[in-house]
Student: 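Below is a structure I'd like to ask you about.
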Amino acid sequence: MSTASDFQPDVIVVGAGLAGLVATHELAKAGKRVLVLDQENRHNLGGQAFWSLGGLFFVDSPEQHRMGIHDSLDLALQDWHGSAQFDRFGDGTDGPGRGEDFWPQQWAEAYVRWAHEGKRDYVRDLGLKSLTFVGWAERGDGRAEGHGNSVPRFHITWGTGPEVVRVFLEPVLEAEKAGLVQFGFRHQVDEVVVEDGAVVGLRGSVLAADDSARGVKSSREVTGSFDLRARAVVVSSGGIGHNFDLMRRNWPTDRVGPAPEHMIAGVPAHVDGRMLAISEEAGATLVNKDRMWAYVEGVHNWDPIWPDHAIRILPGPSSMWFDANGKRLQGMSGVPGADSIGSMTQILSTGYDYSWFILDQTIIEKEFALSGSEQNPDWTNKDVRLMLRDRVLGKGATGPVERFKKYGEDFVVASTIAELVEGMNAITRGPELSADDIERQIVARDRQVDNPFAKDAQIMAIHNGRKDRTGKIMRVAKPHKILDPEHGPLIAVRCNILSRKTLGGIETNLDSQAIAEDGSVIPGLYAAGEVAGFGGGGVHGYNALEGTFLGGCIFSGRAAGLALARDL
């Protein structure tokens with residue numbers, strides 16, 4: 001960080017991830033001076049968003065129209081509320097008895113309306129474009145008023161996460177050149193300074209210089225300290241996804257089952273949740289701490305960047321899903337990609353923290369994608385030829401998927417059920433599986449594909465998924481018998497619990513101002529992004545609809561920036 005004595009920031013932003021960059025962008029546009037602190041180096045600008053697939057939740061978009069999808073604000077609000085299941089309202093007022101969902105449900109209404117009316121234009125004005133096809137994530141629990149997206153809404157950015165970061169980072173870097181923005185890398189905040197009831201600055205530790213590559217775990221050696229002042233502080237430091245101890249401490253055991261013993265990390269080591277407790281010490285209220293979004297389709301990265309590096313499989317609906325005992329998962333939560341929390345509950349009810357996909361080569365080629373910008377080089381690098389070769393015209397799965405199939409420790413490939421189950425038993429962390437029992441269940445499922453209708457929930461979901469144009473062209477394999485040798489070889493994947501997002505956090509009003517225990521605003525303290533539950537302290541409630549994490553960072557960061565630009 002420059003030591004220029006003439007730089008006195010109006011605002012200090014803690015965290016140079018997406019929400020922090022968006023807030024800084026809005027402040028710099030308004031001519032405000034911003035100091036951005038981050039405990040990592042410059043290589044990590046953009047934070048977790050850089051590693052993302054870049055999916056954004058839009059409602060009734062032109063891309064949906066082109067794919068024949070009929071969406072509406074009313075349907076999206078119904079889906080959001082059915083998924084969030086807000087139920088912590090207390091006495092319904094904005095005072096001490098307001099309840100933890102008082103602000104989150106207001107954020108939800110505002111966010112879904114913005115996803116319908118202004119979000120797409122906002123990001124497109126910055127140069128962000130989406131792919132033509134629209135993905136159908138979190139397809140639901142089988143109830144019209146329950147969890148899930150009734151229609152596809154997952155718009156993948158052309159350029160994925162790095163492009164989402166770029167469109168906000170570039171104007172921030174221009175503001176840095178103009179002297180409006182300054183960065184303080186390797187600055188770890190230890191205290192939010194409060195004087196006369198208002199936040200006036202930050203104190204913390206200067207960490208040793210470390211030029212490690214993006215995402216690599218860095219040194220925590222302390223070489224100095226800092227005491228910085230500003231008229232306001234925006235906390236945008238991310239969640240708790242690599243702090244397994246904190247995740248287990250807040251794990252919703254009563255709702256989904258025991259916390260997993262074996263967990264792998266979908267986020268880098270610096271995603272530690274430190275600023276939650278530090279903000280609470282300054283008077284902020286933490287709400288919905290037991291709400292988090294961990295995935296159940298995690299695989300160990302064969303080429304890791306950070307410790308316990310995990311990659312999530314983004315599955316289509318056709319892989320058969322078995323628990324650790326070898327029993328097929330039931331209902332819509334037994335359909336991959338339909339109901340993450342429902343799947344988690346079934347899996348953990350066995351007393352084990354893993355499950356199995358069983359599929360074939362036809363399914364892996366059509367339906368397996370991997371989350372993460374680095375696992376999708378065609379979309380990330382905007383390479384049309386590679387996209388056509390890998391996803392449309394070529395044989396085999398995408399290159400990254402085939403490499404996981406070959407090198408990944410969670411993958412088993414075999415020509416017969418007996419060989420497949422033998423390989424599964426070689427890597428099990430629990431009971432041995434019976435080849436006869438597995439085969440019986442697959443045969444029962446295979447008998448359901450002889451007609452274009454069925455009673456099996458998964459087969460019905462496959463037929464439904466192929467009615468969506470994107471699904472039929474790119475994401476859902478034609479129904480077939482898994483044991484048909486023409487579709488082989490057989491493949492099994494050990495699916496692990498993967499940490500990702502914090503759904504609760506610092507309670508904020510619609511201007512991203514932090515809220516005290518008595519319901520009042522804490523002067524000078526704002527929070528945005530994952531540390532604020534993506535808005536309000538938990539805009540998603542109990543369930544996320546996907547494509548909503550980046551969007552929540554953008555929406556809440558924008559709210560903080562606009563409010564401060566207006567009020568300072």
Side-chain angles (χ1 to χ4, degrees), residues 19 57 73 76-116 145-147 192 197 199 234-236 239-240 250 252 254-255 273 275-277 279-293 341 501-545 548-549 551-560 562-564 567:
F57 176 95
L73 175 60
L77 286 168
Q78 175 180 301
D79 286 347
W80 195 286
H81 284 289
S83 300
Q85 300 167 26
F86 295 124
D87 60 2
R88 298 172 175 175
F89 291 112
D91 62 16
T93 68
D94 61 359
R98 61 196 174 280
E100 294 178 275
D101 283 333
F102 177 82
W103 283 111
Q105 58 89 21
Q106 295 182 61
W107 273 88
E109 291 277 341
Y111 176 70
V112 176
R113 290 183 185 279
W114 190 60
H116 176 249
E145 292 185 287
H147 168 58
V192 174
V199 169
V234 178
V235 178
S236 56
I240 66 173
N250 293 318
D254 58 331
R255 294 200 315 274
M275 285 304 301
L276 287 164
S279 300
E280 187 175 33
E281 289 174 4
T285 305
L286 303 188
V287 294
N288 300 311
K289 291 186 286 186
D290 62 325
R291 294 177 182 172
M292 58 190 76
W293 197 244
I341 298 297
K501 299 299 181 186
T502 311
L503 298 189
I506 299 172
E507 186 180 27
T508 59
N509 65 15
L510 291 175
D511 283 335
S512 289
Q513 294 174 289
I515 303 298
E517 187 176 353
D518 64 2
S520 65
V521 166
I522 300 174
L525 185 60
Y526 295 70
E530 189 174 353
V531 76
F534 301 95
V539 67
H540 297 92
Y542 290 100
N543 293 280
L545 288 175
T548 56
F549 298 129
C553 288
I554 294 170
F555 189 51
S556 59
R558 173 178 172 269
L562 290 174
L564 283 163
D567 295 338

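The shown structure was predicted, so the numbers you read here are calculated from the model rather than taken from an experiment.
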Student: Does the pair His116 and Leu77 meet the rule for a side-chain contact (heavy atoms from CB on, under 4.5 Å), with working shown?
Tutor: CA-CA 10 Å; His116 176 249; Leu77 286 168; over 6 Å; no
Student: Examine distances only and state if a side-chain atom of Ser556 and a backbone atom of Gly535 form a donor-acceptor pair shorter than 3.5 Å.
Tutor: no
Student: Which pair of heavy atoms, one from Ala19 and one from Ser236, lies closest together, and at what distance?
Tutor: CB-CB, 4.1 Å
Student: Nearest 0.5 Å, please: how far is CG in Leu286 from OG in Ser279?
Tutor: 7.5 Å
Student: Indicate the atoms forming the closest heavy-atom contact of Leu545 with Ser83, along with that distance.
Tutor: CD2-OG, 3.2 Å
Student: Grab the two heavy atoms, one from Pro523 and one from Gly197, that are nearest each other, plus how far apart they are.
Tutor: CD-O, 3.4 Å
Student: Just so I know, are the side chains of Leu510 and Trp103 near enough to count as touching, which here means a heavy-atom distance under 4.5 Å?
Tutor: yes
Student: Is there a donor-acceptor pair closer than 3.5 Å between any side-chain N or O of Ser520 and the backbone N or O of Ala516?
Tutor: no
Student: Examine Phe102 together with Phe89 and report whether their ring centres are nearer than 6.0 Å.
Tutor: no
Student: If you apply the rule side-chain contact (heavy atoms from CB on, under 4.5 Å), what do you find for Tyr542 with Asn288, and how did you get there?
Tutor: CA-CA 9 Å; Tyr542 290 100; Asn288 300 311; over 6 Å; no
Student: Is any NZ, NE, NH1 or NH2 atom of the basic residue among Asp290 and Arg88 found under 4.0 Å from an Asp or Glu carboxylate oxygen of the other?
Tutor: yes
Student: Is the distance between the ring centroids of Phe555 and Trp107 under 6.0 Å?
Tutor: yes
Student: If you measure from the Lys or Arg side-chain nitrogens to the Asp or Glu carboxylate oxygens, is any gap between Arg291 and Asp87 under 4.0 Å?
Tutor: yes
Student: Closest heavy-atom contact between Ile522 and Val199?
Tutor: CG2-CG2, 4.1 Å
Student: Distance check, rounded to the nearest 0.5 Å: Gln106 atom CD versus Asp101 atom CG?
Tutor: 11.0 Å
Student: Given Tyr526 and Val235, is the side-chain contact (heavy atoms from CB on, under 4.5 Å) satisfied, shown in steps?
Tutor: CA-CA 6 Å; Tyr526 295 70; Val235 178; over 6 Å; no
Student: Work out which heavy atom in Gly536 is nearest to a heavy atom in Val287; give both atom names and the distance.
Tutor: O-CG2, 4.2 Å
Student: Would you check if there is a donor-acceptor pair between the side chains of Gln513 and Asn509 at a distance under 3.5 Å?
Tutor: yes
Student: With His540 as reference, evaluate Trp293, Phe534, Phe57 under the ring-ring contact (aromatic ring centres under 6.0 Å, His included) test and give the passing residue.
Tutor: Phe534
Student: Taking atom CG of Asn543 and atom CD1 of Ile341, what is their separation to the nearest 0.5 Å?
Tutor: 5.5 Å
Student: Are more than 12 heavy atoms from other residues, nucleotides or ligands located less than 6.0 Å from atom CD of Glu517?
Tutor: no
Student: Nearest 0.5 Å, please: how far is OG1 in Thr285 from CD in Glu280?
Tutor: 8.0 Å
Student: Using ring centroids (six-membered ring only for Trp), state whether Phe86 and Trp80 fall under 6.0 Å.
Tutor: no
Student: If the test is side-chain hydrogen bond (donor to acceptor under 3.5 Å, both in side chains), which one of Glu145, Gln105, Glu109 qualifies with His81?
Tutor: Glu109
Student: Within the 4.5 Å heavy-atom criterion, are Glu281 and Val192 side-chain neighbours or not?
Tutor: no
Student: Kindly give the heavy-atom pair with the smallest separation between Arg98 and Thr93, and that separation in Å.
Tutor: CB-O, 2.5 Å
Student: Would you check if Glu100 and Glu507 make a side-chain contact, meaning some heavy-atom pair closer than 4.5 Å?
Tutor: no
Student: Decide whether His147 and Gln85 meet the rule of one side-chain donor and one side-chain acceptor closer than 3.5 Å.
Tutor: no
Student: When rounded to the nearest 0.5 angstrom, what is the spacing between OG1 in Thr548 and CD1 in Ile554?
Tutor: 11.5 Å
Student: Nearest 0.5 Å, please: how far is CD in Glu530 from NZ in Lys501?
Tutor: 4.5 Å
